[in-house]
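Let me begin by presenting the structure, written as structure tokens, before commenting on it.
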Amino acid sequence: MEIVTVSDIKQHDRNNVTMKTLFDKSVVDGGRTVFGIVSIPPGARIPLQGTGSHLEDEYGLVIKGSILTMSGGKEYRVVAGQATFIPRDEEHWAYNDGQDDCEIVWALVSR
């Protein structure tokens with residue numbers, strides 16, 4: 001077993017968004033998963049402009065707040081307690097239009 005403490009993980013700040021990768025593919029030989037947490041403050045958008053995509057499938061679980069997101073050309077409101085799946089290569093963005101930080105636990109999984 002490997003255990004990490006979230007507060008000990010180096011954060012990557014991008015456009016006021018705090019992202020922490022808790023486990024990456026190096027945890028297991030031939031690993032296919034990257035796992036982390038992101039905190040998106042009110043008014044922040046990922047990416048800052050346009051859309052983004054990944055070579056991996058993306059799984060997310062909103063644990064605090066809510067987020068307005070677009071994936072596959074459709075807009076969604078995702079709130080605490082809801083989970084998401086975004087297939088690899090699907091264009092998407094996320095914008096916190098609320099008053100509180102939105103925290104999401106995420107995983108990128110290679111096929």
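For this chain, numbers begin at 1 and follow the sequence in order.
- The main-chain N or O of L108 is never found under 3.5 Å from a side-chain atom of R88 such that the two would form a donor-acceptor pair.
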*Can E75 and T69 be said to form a side-chain contact (heavy atoms from CB on, under 4.5 Å), step by step?*
CA-CA 6 Å; E75 283 191 10; T69 186; over 6 Å; no

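- The residue from V62, T84, L61, T21 that alone fulfils the side-chain contact (heavy atoms from CB on, under 4.5 Å) condition with W106 is T21.
- In terms of heavy atoms, I46 sits closest to R14 at CG2-NH2, 4.0 Å.
- Y76 and I40 fall within a single hydrophobic cluster, where Ile, Leu, Val, Met, Phe, Trp and Tyr side chains are chained together by heavy-atom contacts under 4.5 Å.
- In this structure, R45 CZ and L68 CG are separated by 9.5 Å, a value rounded to the nearest 0.5 Å.
- Neither V78 nor V105 shares a network with the other; the hydrophobic side chains, linked directly or stepwise wherever heavy atoms of I, L, V, M, F, W or Y lie under 4.5 Å apart, form separate groups for each.
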*Trace of the side-chain contact (heavy atoms from CB on, under 4.5 Å) decision for R77 with Q82*: CA-CA 10 Å; R77 164 78 50 203; Q82 292 183 317; 5.9 Å; no

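- Looking at F23 and V4, their side chains come closer than 4.5 Å, going by heavy atoms from C-beta outward.
- For the atom pair I86 CD1 and E91 CD, the distance stands at 11.0 Å (nearest 0.5 Å).
- Defined by atom type and a distance below 3.5 Å, a donor-acceptor pair is present between the side-chain atoms of H92 and E58.
- Shown here for S66 and V79, the closest heavy-atom pair between the two residues is CB-CG1, 3.7 Å.
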Can you give each donor-acceptor pair under 3.5 Å made by side-chain atoms of residues 26-38, sequence neighbours left out, with the distance rounded to 0.1 Å?
| unit_1 | atom_1 | unit_2 | atom_2 | d |
| --- | --- | --- | --- | --- |
| S26 | OG | D24 | OD1 | 2.4 |
| R32 | NH1 | S110 | O | 3.3 |

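- Looking at residues two or more places apart in sequence or on another chain, you find a side-chain contact (heavy atoms from CB on, under 4.5 Å) between E103 and S39, I63, K64.
- The number of heavy atoms from other shown groups lying within 6.0 Å of CG (D97) is above 12.
- Taking CD1 of I67 as the start and CG of D101 as the end, the distance is 10.0 Å to the nearest 0.5 Å.
- Residue pairs meeting the side chain to side chain donor-acceptor pair (under 3.5 Å) criterion with at least one member in residues 1-12, sequence neighbours excluded, are Q11-D13.
- Here W93 contributes atom CH2 and S53 contributes atom OG; the two are 15.5 Å apart, rounded to the nearest 0.5 Å.
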